[in-house]
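Labels below follow one simple rule: chain letters A, B, ... track the order of the sequence lines, proteins then strands, and each chain is numbered from 1.
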Amino acid sequence: MKTFYVTTPIYYANSLPHMGHLYTTVVGDFLKRYKRQRGYETYFLTGTDEHGTNIERASARAGRTPRAHVDYVVGELKKMFGAYALDSEHGGYDIFMRTTEPFHYEGASEFWRRAAARTTPKGRENIYKGFYEGWFCAPCATFKTEAEMIPAAEEGGPPLCPIHERPLDKVSEESYFFRLSDYDEVLLELYEARPDFVRPEARRNEVISLVRGGLEDVSISRLKSSVSWAIPVPDDPQHTVYIWFDALLNYITALGWGSAERRAQVGEDLFEKFWPGVHLLGKDILRQHAVLWPAMLLAAGVELPRAVVAHGLWLDQTGRKGSKTLGNALELPTLLRHFQVDAVRYFLLREMSFGQDCKVDYEVILERSNSDLASGFGNLVSRTLTMIHKYFDGVVPLPDINEGRRLLAKRAGVDSDAQELSTSLELMRDQFLLHVDDYAFHRALEAAWGMIARVDKFISDAKPWELARDEEQRETLGAVLYRSAETLRWLAVLLYPVMPESARAVWKQLGLEGDPQDFDPARLSWGGLRAGERVGEVAPLFPRIDKAKTMSEIEKEIAQRKEAEAQTSPPPSTTQEGAHATQAAVPGAPTAAGTQPAQPPQTGATEAGAPPEGVATYISIEDFVKVELRAGQVLTAERVPKSDKLLRFTVDVGEPEPRQILAGIAEHYEPEKLVGRKLVIVANLKPRKLRGFESQGMVLAASVGEEGRPVLATFTEDVPNGARLK
RNA sequence: GGCGGGGUAGCUCAGCUGGUCAGAGCGUGGGAUUCAUAACCCCAAGGUCGGGAGUUCAAGUCUCCCCCCCGCUACCA
């Protein structure tokens, strides 16, 4: 039997359920149900990533143990998943994976050992011990590179995380590294050989250019003394496994890879049966899944996933990412209170052009529910079944029109056979399947709704209520209603993965036996509805929502919540509501020079608050004196290897040692001609590494013309080296 | 700076390899109808297809230049 394994990311267990969780899980659930209908044996994984500093901190804040904390969050997530029919009980996920499972520890350890025992494609050891030092953001669970932080507010203070606007922690420790840098070529070959490995294509391009730019080794451990809530590094109890390395492995440990315990639970062959799988994820965690993860698997000699499929994010109406602090995120409890589960599921799959970002608010959902579901699908079910009750006492009429009555039917504008309708149904079905297989769920649903419109029109044109007044047209009337009802049968099957409960309700209202989940949409054929069978009772599937009333209720709730939050809780520490758990980036690795302590970020690192272009703004003299400009003299100048733009200078600025300064002017200046030249340099700029060399300052140059050609600033009179400019 | 994705009706977006491609849905206005959840059906916007130039018998659809938005990335220090 064909198998299909699909995963969502495992969500980081430090925050309560939100749209991002719901969305990816709905997509996974949809795919699982769909593939199951298509005859695959399926396995659907979702779950939580439960280790790391961030969990430790969140639990401490909440006054719980980490374990109690993650249990609590898991409980909330499961409740939400249950409410949306995503859990096992409702036919959804097969496992709610937790990285705190003992079998995961076992599998992850095995994986580490396996990787450590093997070499990289370039013949070096996969895992080596190094030393890591840097600024660490706990909520992000990641080290920040200099470009990724906000300068300290006060002198000497720690820089801030741009995402959380919290001070970063200085972390310096021995660490194991994964030699990711040796995998760039293999990965590029992979993307080349398997164009569908990363989807959609725009994301694939991104990943390729990222890898082309070269990869750095990644730190994959922390000292146990700094992060104890984690999996111990095998054979080195002083260290714990870094969260990303740990988390990604869940996709295979869940299937029993590397764990005798798990295999005993689920059977010896679960992994062989279902791996490789398809990974669904938000584009914010694409790198980890498209770069790190395959490299890890290669390192351990495990088969690569089938595909890494990235979707977009949900934005508010102004295009900002939904976030708790901004108050622009949709609240799941509110959603649940005012909208039907299947309406939300439908909305999520229909509204977002898969792969792209999408704007949402409650009103958009409400309108989709009313127009597509209440007026569209629901109404078609309702009008069809009502007429069958009314005109045929609730018994499915005959599909055919006898020879003798065909002219009559024709006169009423009804084709004597259903050929035309059944053909377009098949066409729609084929498109639906094609689009789903291409991850274009919104297109699939669009196609289905085109069919609904078609049948609505067919009914309006045939005017059953007029046919009903003419006893001669009884067969025509029956045929019209049969066609509509049979279309609904097809739709119930096709839409089952989207809206399981509603599809079943339609099935039941049509008086059908069995369950739409057991029908393969690819094998639907015209005429499955049996004439003479009784249809069920008619009940509105998607009651129309009173927009004015509901919207005002929702607004009231939002206002109340804001008030409550303002009173009870301190400002939330998490500002970003990432679509997924492990939202952080893999930490950067040590650079060639090794363990340079990170310097306080320099001014100007961000452009936030920059004045509008062309508008003069004043700075105070205090601002100016912060900039230490000095005269300097070029002692040596040379091109930086493998760099088009950079020159490396040593400059005498009147200090005991000359400074090394890099400047991006190689395209316009010959290094030899610069030796001995007097320059103006910024002496108190935060040092920064470029191409492996630390630049301890900045050379001033005019930027001329549109291309920004640099022209070095200099003096027309002699000045001593080190003279301050003010 | 580089790479990628976009800029098409009020809104959300379709429009592949150039010639009914100037469209759909929603919203709005009008009409018709009553089986249905005031639902369904019909008609209506005259939108410079971001701007400009070019190729062509013919260009949202190809080429070049420019502007704007978004994403990724960088040797912008």
Side-chain angles (χ1 to χ4, degrees), chain A residues 146-147 200-214 283-284 286-287 310 312-313 315 317 319 350-353 355-360 363-364 367-368 370-391 442-443 446 449-450 452-453 455-468 477 480-481 484 538-545 602 604-605 607 639-648 661-667 681-682 685-701 703 707-708 710:
Chain A
E146 289 171 24
E201 199 178 340
R203 296 294 156 209
R204 171 175 177 258
N205 295 338
E206 258 175 46
V207 170
I208 290 175
S209 73
L210 180 93
V211 176
R212 282 216 181 105
K283 63 178 188 182
D284 51 337
L286 178 61
R287 316 168 57 135
L313 273 24
L315 310 174
Q317 284 305 319
R350 172 63 184 83
E351 190 75 5
M352 184 177 268
S353 291
Q356 290 180 283
D357 290 349
C358 187
K359 295 176 182 174
V360 233
E363 196 173 330
V364 183
E367 273 164 5
R368 270 263 177 239
N370 275 352
S371 62
D372 293 8
L373 300 176
S375 306
F377 188 41
N379 182 243
L380 180 60
V381 173
S382 174
R383 67 193 304 207
T384 301
L385 291 170
T386 303
M387 285 191 278
I388 290 178
H389 276 290
K390 200 162 183 167
Y391 303 137
H442 61 297
R443 296 293 193 92
E446 213 168 44
W449 258 255
I452 291 172
V455 174
D456 261 332
K457 183 170 164 51
F458 167 68
I459 293 175
S460 298
D461 290 348
K463 301 187 181 65
W465 49 96
E466 284 182 11
L467 299 174
L477 173 63
V480 168
L481 295 182
S484 177
V538 190
L541 279 180
F542 298 99
R544 171 160 296 273
I545 301 167
Q602 63 209 18
E607 288 183 44
R639 287 177 185 280
V640 171
K642 286 189 279 183
S643 165
D644 300 331
K645 293 186 183 172
L646 281 184
L647 289 184
R648 181 168 73 94
I661 295 179
L662 282 86
I665 58 171
E667 289 169 321
I681 65 136
V682 182
L685 199 54
K686 183 186 67 162
R688 166 158 168 182
K689 203 154 297 165
L690 295 168
R691 282 272 137 175
F693 294 99
E694 185 174 89
S695 183
Q696 301 158 327
M698 173 174 165
V699 170
L700 249 46
S703 181
E707 79 280 22

Say we look at B/rC13 and B/rG6: how far apart would their C1' atoms be, to the nearest angstrom? 12 Å
I'd like the C1' distance from B/rA74 over to B/rA59, given in whole Å. 36 Å
Could you tell me how far apart A/L385 (CG) and B/rU37 (P) are, to the nearest whole angstrom? 12 Å
Does B/rG10 adopt a syn or an anti glycosidic conformation, taking syn as a chi angle within 90° of 0? anti
Which nucleotide in the set B/rG71, B/rC41, B/rC40 lies at the smallest distance from any side-chain heavy atom of A/A453? B/rC41
Upstream residue (5' side of RNA chain B) when A/G376 and A/N205 are each assigned their closest nucleotide: A/N205
Would you measure the distance from the P atom in B/rC62 across to the matching atom in B/rU20 and give it in whole Å? 15 Å
A/R203 has an atom CZ; how far is it from atom C1' of B/rU73, in whole Å? 13 Å
Taken in chain and number order and not counting sequence neighbours, the residues that satisfy side chain to side chain contact (heavy atoms under 4.5 Å, CB included) with A/S371 are none
Separation of A/D372 atom CG from B/rC26 atom P, in whole Å? 8 Å
With sequence neighbours excluded, residues passing salt bridge (Lys or Arg N to Asp or Glu O under 4.0 Å) with A/R368: A/E351, A/D372
Distance in Å, A/D284 CG paired with A/L313 CG, rounded so as to fall on 0.5 Å steps: 5.0 Å
Of the listed nucleotides (B/rA39, B/rC42, B/rC26), which one gets closest to any side-chain atom of A/R544? B/rA39
Roughly how many Å apart are B/rG60 and B/rU17, using the P atom of each and rounding to a whole number? 15 Å
Output the rounded distance in Å from CD (A/E206) to P (B/rC70). 15 Å
Quick tally for nucleotides 10-15 of chain B: nucleotides whose base has a protein heavy atom under 4.0 Å get B, sugar-phosphate-only ones S, the rest -, giving --S-SS
A/D456 versus A/R383: any side-chain heavy-atom pair under 4.5 Å? yes
Residues pairing under salt bridge (Lys or Arg N to Asp or Glu O under 4.0 Å) where one sits in residues 202-212 of chain A, two or more places apart or in two chains, turn out to be A/R203-A/E206
If we take the P atom in both B/rG23 and B/rC66, what is their distance in whole Å? 33 Å
I'd like a list of close polar pairs between nucleotides 28-30 of chain B and the protein, N/O only, cut-off under 3.5 Å.
none

Under the side chain to side chain contact (heavy atoms under 4.5 Å, CB included) rule, collect the residues that match up with A/E363, sequence neighbours excluded. A/D361, A/E367, A/K547, A/M551
Tell me the closest heavy-atom pair linking A/W449 and A/L373, and the distance in Å. CZ2-CD2, 3.7 Å
Quick one: label A/L380 by what it contacts on the DNA or RNA (base, sugar-phosphate, nothing), any heavy atom closer than 4.0 Å. nothing
Please enumerate all residues that pass side chain to side chain contact (heavy atoms under 4.5 Å, CB included) together with A/N370, with sequence neighbours excluded. A/L366, A/A374, A/R544, A/I545
Report the distance from atom CD1 of A/I452 to atom P of B/rA39, rounded to the nearest whole Å. 16 Å
Between B/rC26 (P) and A/R350 (CZ): distance, integer Å: 10 Å
Could you check if a side-chain atom of A/I459 sits within less than 4.5 angstrom of a side-chain atom of A/M387, using non-hydrogen atoms only? yes
Non-neighbouring partners of A/K390 that pass salt bridge (Lys or Arg N to Asp or Glu O under 4.0 Å), sequence neighbours left out: none
Got a sec, which residues hit side-chain hydrogen bond (donor to acceptor under 3.5 Å, both in side chains) with A/E466, two or more places apart in sequence or on another chain? none
Think A/K463 has a side-chain N or O under 4.0 angstrom from the OP1 or OP2 of B/rC40? no
Considering only side-chain heavy atoms of A/L210, which listed nucleotide, B/rG71, B/rU73, B/rU37, is closest? B/rU73
Specify the separation, in whole Å, of atom NZ of A/K283 and atom P of B/rC72. 7 Å
Can you tell which of B/rU37, B/rC42, B/rC72 lies closest to the side chain of A/R287? B/rC72
From CG of A/N370 across to P of B/rA38 the rounded distance in Å is 10 Å
Under the rule for side-chain hydrogen bond (donor to acceptor under 3.5 Å, both in side chains), what residues qualify as partners of A/N379, not counting sequence neighbours? none
Find every protein N or O atom lying less than 3.5 Å from an N or O atom of nucleotides 33-36 of chain B, and list the pairs.
| residue | atom | partner | partner atom | Å |
| --- | --- | --- | --- | --- |
| B/rC35 | O2 | A/R383 | NE | 3.2 |
| B/rC35 | N3 | A/R383 | NE | 3.4 |
| B/rC35 | N3 | A/R383 | NH2 | 2.7 |
| B/rC35 | N4 | A/R383 | NH2 | 3.2 |
| B/rA36 | O3' | A/S382 | OG | 3.4 |
| B/rA36 | O2' | A/N379 | ND2 | 2.7 |
| B/rA36 | O2' | A/S382 | OG | 3.0 |
| B/rA36 | N3 | A/N379 | OD1 | 3.2 |
| B/rA36 | N3 | A/R383 | NE | 3.4 |

